[in-house]
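In this chain, residues are counted from 1 in sequence order. Nothing here was measured: the structure is a model prediction, and the numbers come from that model. Heavy-atom basis, side chains included; hydrogens, waters and symmetry copies ignored.
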Amino acid sequence: MLSAVERKIEQFIQDVDSVEVHTLYKKISKGKMLRARLIGQIAGKSLLSIKLASVVEMIHMASLLHDDVIDDTVVRRGKTSINATNGSKIAIMMGDILYSKAFFELNKIDSKVSSIISNAVISLSIGELNDVNLSANFHTDKSAYLKMIYQKTASLIEASAQASALLVNKNSLPYKQYGRNLGIAFQMMDDILDITSDEKTLGKPTFNDFSEGKVTLPYIYLYEALDECDKARLIALYKKPLNQSQKEWIKKSMFEHKIIQKAFLEAKILINEAVELMESCGEYSLSNIAKAMIEREF
Ligand code: FPP
Ligand code: MG
């Protein structure tokens with residue numbers, strides 16, 4: 001499935017008929033293609049499912065090109081990002097081209113599928129807007145964080161699962177719920193790995209979230225657990241580039257207060273629900289994808 005999707009995206013890029021776009025596309029490293037894998041698993045391998053998966057992966061690629069500009073990030077999936085090599089203007093335009101071509105193709109698939117996916121793109125864009133707004137000041141608003149990660153990350157995964165179920169006339173409800181849980185847990189894991197992993201494994205810098213102003217779940221829990229003096233110490237590090245000893249202090253404090261376990265448990269609850277749901281539908285490959293998600297290291 002995944003190599004067929006890669007070939008289809010390549011063909012869509014060739015259709016655009018621009019050497020520059022093709023050269024830029026070649027510079028973007030392929031990710032885990034989680035959304036395409038889900039679509040293939042739910043809808044099976046057909047021309048329509050390959051097209052849907054290609055469209056969704058192109059939208060996801062476009063959103064990451066824009067996100068790296070917004071977050072001022074220079075490394076993505078182990079490679080220098082497009083905004084760093086070619087500048088933000090080119091990265092934004094390349095995102096727009098991928099996104100527009102994806103929509104051109106999406107339109108030809110099915111009107112219900114098309115409205116589910118386009119609705120998710122509105123949601124992920126609002127999610128990114130909320131991420132930017134929440135990053136303006138230090139906060140400890142867990143429900144705002146959960147809503148934002150649902151919108152920013154889970155909405156497109158949820159829509160991919162729902163739309164691919166519809167494509168093959170399956171009852172889309174359990175797949176939609178599965179995609180939602182998987183997506184929220186995926187972002188929670190992303191936010192945990194920012195603290196616990198290393199740049200080589202992750203393919204992007206670590207300890208970046210707090211410096212970028214993002215107060216993720218582990219930081220919300222850490223703040224709640226610290227005494228007044230350490231609360232002030234944590235706030236003093238907010239939005240600052242962190243040196244080694246500051247990173248060590250955050251790690252040590254998280255360890256002492258069992259913060260990573262607490263955040264991990266939240267993701268695990270969502271994954272367990274997703275696993276049970278898929279096992280009740282006899283979808284063991286999908287439940288295995290969910291189990292692997294919680295064990296991922298990058
Ligand atoms: C990564 O978050 C960002 C997203 C999952 C979504 C970003 C969405 C947009 C920029 C809207 C795009 C709109 C269109 C129309 C294409 P992150 O910064 O937490 O993750 P990271 O650490 O991988 O960068
Ligand atoms: Mg980012």
Side-chain angles (χ1 to χ4, degrees), residues 1-2 5 29-43 49 52-53 56-57 59-61 63-64 67 76-78 120 123-124 127 131 142 145-165 172-204 206 208-209 214 216-218 221 259-298:
M1 176 76 184
L2 295 188
V5 172
S29 48
K30 310 277 169 307
K32 298 177 274 290
M33 298 183 93
L34 168 69
R35 294 151 190 82
R37 277 171 57 211
L38 289 186
I39 293 168
Q41 204 58 58
I42 297 170
S49 70
L52 175 61
V56 168
E57 286 296 335
I59 294 170
H60 178 55
M61 246 183 253
S63 78
L64 294 183
D67 179 69
R76 164 73 63 189
R77 296 166 178 168
S123 185
L124 74 96
D131 197 11
K142 184 180 162 190
Y145 164 83
L146 289 176
K147 185 174 179 199
M148 181 276 290
I149 66 169
Y150 162 67
Q151 292 172 314
K152 176 178 78 167
T153 306
S155 59
L156 188 58
I157 298 176
E158 174 189 61
S160 302
Q162 185 189 6
S164 46
S172 64
L173 267 181
Y175 297 93
K176 183 179 177 198
Q177 182 68 41
Y178 164 82
R180 181 190 175 99
N181 283 24
L182 193 70
I184 299 174
F186 180 88
Q187 188 61 48
M188 284 177 168
M189 286 302 294
D190 213 61
D191 296 345
I192 289 173
L193 290 169
D194 176 83
I195 299 159
T196 58
S197 190
D198 56 85
E199 178 159 348
K200 195 166 173 286
T201 318
L202 214 51
K204 58 187 180 186
T206 54
N208 219 29
D209 287 341
K214 297 181 184 188
T216 58
L217 196 55
Y221 285 155
I259 300 300
I260 297 299
Q261 290 96 312
K262 196 173 168 191
F264 184 79
L265 188 66
E266 295 248 347
K268 183 108 173 85
I269 291 169
L270 292 168
I271 289 296
N272 287 347
E273 222 178 82
V275 165
E276 274 174 34
L277 203 55
M278 284 303 108
E279 291 186 352
S280 71
C281 298
E283 294 275 18
Y284 294 98
S285 299
L286 288 169
S287 75
N288 284 339
I289 291 178
K291 286 179 194 160
M293 158 84 49
I294 204 86
E295 284 152 17
R296 79 188 177 105
E297 288 177 352
F298 61 92

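With values rounded to the nearest 0.5 angstrom, M278 atom CE is found 12.5 Å from N288 atom CG. Here CG of L277 is found 12.0 Å from CG of N272. Values are rounded to the nearest 0.5 Å. In this structure, OG on S285 lies 11.0 Å from CG on L38, to the nearest 0.5 angstrom. Note: S160 OG to L52 CG = 6.5 Å, rounded to the nearest 0.5 Å. Atom CD1 of I195 sits about 4.5 Å away from atom CD1 of I260, to the nearest 0.5 Å. Note that the CG atom of L34 and the CE atom of M293 stand 5.0 Å from one another [nearest 0.5 Å].
Using a 4.5 Å cut-off on side-chain heavy atoms (C-beta onward), R77 and L64 make contact. Put simply, the side chain of L217 does not reach to within 4.5 Å of the side chain of Q187, judged on heavy atoms. Looking only at side-chain heavy atoms (C-beta outward), I271 and N181 stay at 4.5 Å or farther from each other. Residues L182 and L286 have side chains not in contact (no heavy-atom distance under 4.5 Å, counting atoms from C-beta outward). The shortest side-chain heavy-atom distance between E276 and E273 does not fall under the 4.5 Å cut-off. For the pair F186 and I149, the minimum side-chain heavy-atom distance is 4.5 Å or more. A heavy-atom distance below 4.5 Å is found between the side chains of L156 and I59.
Salt bridge D191/K214: absent, no basic N to carboxylate O contact under 4.0 Å. Look at E279 and K291 and you find a salt bridge, because one of the NZ, NE, NH1 or NH2 atoms lies within 4.0 Å of a carboxylate O, short of that distance.
A donor-acceptor pair under 3.5 Å is formed between the side chain of E57 and the backbone N or O of A36. Proximity of a side-chain donor or acceptor of R35 to a complementary backbone N or O of V56 within less than 3.5 Å is not detected.
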Run the side chain to side chain contact (heavy atoms under 4.5 Å, CB included) check on I184 and E266 step by step: do they pass? CA-CA 10 Å; I184 299 174; E266 295 248 347; over 6 Å; no
Stepwise side chain to side chain donor-acceptor pair (under 3.5 Å) check, E283 with Y175: CA-CA 10 Å; E283 294 275 18; Y175 297 93; 2.5 Å; yes
Step by step, work out the side chain to side chain contact (heavy atoms under 4.5 Å, CB included) result for L146 and M188. CA-CA 9 Å; L146 289 176; M188 284 177 168; 3.5 Å; yes
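Between I192 and P218, the shortest heavy-atom distance links the atoms CG1-CG, 4.2 Å. T206 approaches S197 most closely through the heavy-atom pair CG2-O, 3.5 Å. Counting all heavy atoms, side chain and backbone alike, Q151 lies closest to S123 at CB-O, 3.4 Å. In this structure, L124 and S63 approach most closely via the heavy-atom pair CD1-CB, 3.8 Å. Shortest non-hydrogen contact noted between E158 and Y150 is OE1-OH, 2.6 Å. Contact record, A43 with S164: CB-O, 3.5 Å, taken as the closest heavy-atom pair.
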